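Let me begin by presenting the structure, written as structure tokens, before commenting on it.
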Amino acid sequence: METVIGKYNYWIYIALMMIGFYAMIAKRNLVKKIVGMNIFQTAIILFFISTAYKKDATIPILIKSQEVIDPAKYINPLPHVLMLTAIVVMVSTFGVALAVIMMLYKQYKTLDEDEIIEILRKKK
Amino acid sequence: MNLSEHSSILIVVIPLIASFVNIFLNFLQRKLCYPFFVLVLGICVALSIDILCQVINFGVLRYRLGGWMAPWGIEYVIDHLNAYLIVIVSSMSFIVAIYSKDSVKKEISKAKLPYFYSTYLLLATGLFGITVTGDIFNLYVFLEIASLSAYALVAIGEKRSVLASFHYIIMGTIGACFYLLGVGYIYIITGSLNISDLTRLLPSLYESKVTLTALAFFIVGIGIKIALFPLHRWLPDSYTFAPSAVSAFASATVTKVGIYVLIRISFTLFEPKFLIEMTPLSNILIWWSTIAIFFGSLIAIGQKDFKRTLSYILIAEIGYMVFGINIGNKEGFIGAVLHILNDSLMIGCLFMIAGGVFYRIGSRNIEDFNGLNRNMPITMAAFTIAALSMIGIPPTAGFFSKWYLIVGAVKAGYLVSAVILIFSSLVNALIFFRILEKIYFTKNENTPMYNFRELPISMMIPIVITALAILIIGLYSGEIISSVIKFSLPKGF
Amino acid sequence: MIRLYDDLIIQTVCRIMIPLIQLFAFYVIAHGHYSPGGGFQGGCILGASFILMVIAYDINWMKRRFSEKKNTLLMAFGVLIYALVGVLCILLGAEYLNYGILNKIIPTDSVKVRALGTLIIEIGVGITVMAVMVSIFLNLTTFGKHEKGEV
Amino acid sequence: MKFFALIIVILTGAVLIYSTLDMPDWGDPNSPASLHVSPRYIEKTIEETATPNAVTSVLADYRGYDTLGETTVIFTAAVVCILLLRRFEDDKTL
């Protein structure tokens with residue numbers, strides 16, 4: 001029981017990740033694939049953020065008048081910084097993937113992978 | 001102020017700044033974009049050689065970014081392995097940059113050329129960044145810069161390249177996500193991101209399940225990025241339909257840098273004994289890469305498209321390198337690291353020749369190579385050298401690395417893998433002798449008489465340089481091993 | 001996909017809102033040292049204000065105020081500021097991005113100058129993010145034509 | 001195909017969940033991540049960078065180089081979108 005209380009947050013994020021991962025490899029619609037990609041990356045971000053949390057701690061913005069600073073009273077800033085970077089990477093990947101999908105749509109007039117492969121096979 | 005002590009950072013920052021300046025130049029004077037682009041990559045070659053000399057003379061270079069101490073700030077650590085990789089990446093990017101002048105003009109519209117050069121520079125920046133950094137998260141950031149620009153460079157090729165690029169995006173993102181998950185797992189149990197700090201912290205955590213999972217995720221993530229056999233789906237299409245300059249550059253550098261990351265993760269971040277003795281991972285990877293070599297070679301025989309054949313050969317070559325790293329003795333590791341250089345030259349040269357032939361006759365089909373030596377004697381001579389090296393005929397570079405790999409395999413007792421390595425060489429011989437026969441000896445009546453001359457000079461020079469480099473490196477491979485590679489051996493080899 | 005869509009209420013509200021949104025964006029960028037915020041967040045809000053212009057009015061209305069050339073140049077300029085601050089640190093004799101050395105040219109002590117260096121690069125990041133958001137939005141919604149009307 | 005994908009996903013998830021058992025609990029103030037590197041960021045941020053917001057000081061100062069990389073990533077995305085999608089007036093080929 002203690003394990004469940006201590007670890008359930010990780011499990012939820014892993015479940016989310018796997019939903020995204022499944023969508024990425026199993027769905028045949030291109031947009032659904034990149035939506036899955038987004039879910040996957042967002043779940044990783046949540047996972048990192050949850051590692052930053054400490055019980056009874058507050059956001060890492062210090063008050064200047066304080067003389068002795070207790071690190072246990074502030075949550076860990078490093079994962080937040082890393083995830084700011086990862087969010088930007090996620091947005092950029094999403095933008096590039098959308099651009100590529102739009103090029104595909106212009107060529108084949110469809111967003112379904114099977115149909116695109118069918119068109120390519122007919123051309124041969 | 002001494003600039004040479006900053007050369008490890010300048011090699012990343014100069015192409016980065018140049019890619020922004022290229023956007024400005026686009027609006028000021030579009031003609032200057034190309035000379036500026038080549039000049040910058042030339043400077044990078046000079047800097048990389050400077051770094052290599054510094055490492056050989058003074059040992060490991062450390063550079064603290066922002067002046068912060070290592071586990072708190074980001075640190076650059078350059079030892080012999082990095083310096084060697086930087087020289088390979090920078091010189092290949094420079095050579096292909098020269099080559100791209102004429103080849104790209106047919107494939108990309110004029111108004112977009114400055115953006116193409118910017119993206120190319122960003123890809124180079126990403127690769128340099130991956131090679132020099134000593135921080136696992138920083139590595140992820142540069143991995144993404146390199147990947148994003150590679151997706152785009154692939155997508156601007158022929159019509160079918162867009163679908164290939166989409167597959168590349170999906171696979172590449174899965175790889176990057178797995179890598180990031182590995183970083184997260186390592187971070188949770190250690191609290192650090194710096195590679196040298198982690199080397200100190202991790203040995204006490206080898207019993208933990210988290211460490212093993214993290215390593216597995218690192219390996220699968222990088223395995224996707226380097227297209228290790230069952231995860232290779234994105235590579236053949238991408239490199240076949242990409243513009244020829246891009247296929248040459250990407251095939252020569254991207255996968256090699258991936259191999260470098262694999263070496264770093266397995267042998268610097270973790271101790272060699274963790275991968276080789278404490279876990280079955282290295283054994284799995286050996287069989288995995290043997291299968292990669294076998295199937296890569298086997299599929300390559302059946303292809304008609306020359307670039308696609310090369311892509312499958314590249315998959316087999318990646319198998320060679322992963323195999324060499326994991327057999328866990330000196331010869332295998334030396335062979336793998338030497339093969340990074342040789343393979344980068346050979347594959348780069350062959351892809352450039354494929355692009356050159358496509359430039360002239362507009363076809364990549366092997367059947368159309370009949371009698372090309374009458375029209376393009378110099379290119380075909382270069383092709384012969386590269387092909388012989390691919391097969392592994394003694395005076396060329398390819399022989400030496402394959403020799404080391406086979407010796408290492410026999411020493412470690414992996415006889416089946418040694419046989420597969422020889423089999424793969426024979427397959428290469430089959431493929432390339434068939435093409436050579438078409439080029440030199442086929443005098444078919446139906447052969448169309450092409451009426452064109454050699455390639456333009458800007459495409460000619462890079463091909464000749466790489467072909468000569470294959471010969472010269474073959475002669476001096478002993479020197480390279482004794483002055484550089486010997487020092488990059490992991491502890492305990 | 002972008003059509004002229006005249007709606008008096010939306011246009012009037014946006015005319016009032018857009019300057020306020022931009023002001024708030026500058027606040028978020030500049031106040032990043034003391035509260036949640038910084039270059040990315042502020043840049044995104046600033047970019048959103050331009051995107052709102054396109055949605056509420058049309059693309060030409062927005063391009064008259066903020067042309068494509070300006071946008072592309074700003075995109076490169078913002079991140080160039082960032083990289084050049086680092087090069088400046090090298091030229092002054094410290095490591096790359098070591099803002100502490102900037103007190104050779106800015107007369108404050110070596111700790112406060114770090115906060116100042118942070119502010120400079122946050123501004124650079126903000127400019128880039130704003131321009132990038134607008135650029136990606138325009139390219140995706142108009143299929144790269146940068147014109148109004150059907151695609 | 002879908003069944004195969006499901007098996008891969010379940011296996012991956014199982015490995016990930018199995019290894020969480022060795023991780024520190026959620027919100028544990030004594031986990032390695034909150035003891036090793038990060039305390040210095042909180043303790044010294046005012047003293048060393050004059051920035052009370054520790055996230056900003058880590059983002060732009062201690063790990064400022066990562067942020068340069070991330071700005072470059074987003075710049076890359078914009079250049080890539082122009083390269084792939086933009087149709088220029090003086091460009092007849094596409």
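Chain letters run A, B, ... following the sequence lines, proteins first, then strands; residues in each count from 1. Note that the structure is a prediction, hence the values are computed from the model and not measured.
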Atom CZ of A:Arg28: over 12 foreign heavy atoms under 6.0 Å: yes
Heavy-atom neighbours of A:Lys32 NZ exceed 12 at 6.0 Å: no
d(A:Ile34 CD1, B:Ile169 CD1) to nearest 0.5 Å is 8.5 Å
Chain B heavy atoms under 4.5 Å from A:Met24: which part of the residue, side chain, backbone, both or neither? both
Side chain to side chain contact (heavy atoms under 4.5 Å, CB included) for B:Phe166 and A:Leu30? Distances and angles first, verdict last. CA-CA 9 Å; B:Phe166 186 77; A:Leu30 304 182; 3.4 Å; yes
Is it the backbone or the side chain of A:Ile14 that comes under 4.5 Å from a heavy atom of chain B, or both, or neither? side chain
Give a yes or no on whether A:Asp114 atom CG has more than 12 heavy-atom contacts from other residues, nucleotides or ligands under 6.0 Å away. yes
For A:Tyr105, does the OH atom sit with more than 12 other heavy atoms under 6.0 Å from it, leaving out its own atoms? no
Within this structure, what is the NZ-CZ distance for the pair A:Lys123 and B:Arg160, rounded to the nearest 0.5 Å? 9.0 Å
What part of A:Val100 is in contact with chain B, defined as an atom under 4.5 angstrom from a non-hydrogen atom: side chain, backbone, both or neither? both
Got a second to check how far B:Thr173's OG1 is from A:Phe40's CZ, nearest 0.5 Å? 10.0 Å
More than 12 heavy atoms of other groups within 6.0 Å of B:Lys106 NZ: yes
In terms of heavy-atom pairs under 4.5 Å, which option from A:Lys33, A:Gln107, A:Met37 contacts chain B the most? A:Gln107
Residues of residues 135-149 of chain B under 4.5 Å from chain A (heavy atom pairs)? B:Phe137, B:Tyr140, B:Val141, B:Glu144, B:Leu148
Taking everything shown except A:Lys106 itself, do over 12 heavy atoms lie less than 6.0 Å from its NZ? yes
Which one wins on heavy-atom pair count under 4.5 Å against chain B: A:Val96, A:Leu120, A:Thr51, A:Leu104? A:Leu104
Does A:Lys27, at its NZ atom, have more than 12 non-hydrogen atoms belonging to other residues, nucleotides or ligands within less than 6.0 Å? no
Just to be sure I understand the criterion: a residue of residues 174-197 of chain B counts if one of its heavy atoms is under 4.5 Å from a heavy atom of chain A. Which ones qualify? B:Ile174, B:Cys177, B:Phe178, B:Leu180, B:Leu181, B:Val183, B:Gly184, B:Tyr185, B:Tyr187, B:Ile188, B:Leu193
Count the heavy-atom pairs under 4.5 Å between each of A:Leu82, A:Asn76, A:Thr85 and chain B, then report the option with the highest count. A:Leu82
Which atoms of A:Met90 approach chain B - backbone, side chain, both or neither, heavy atom under 4.5 Å: neither
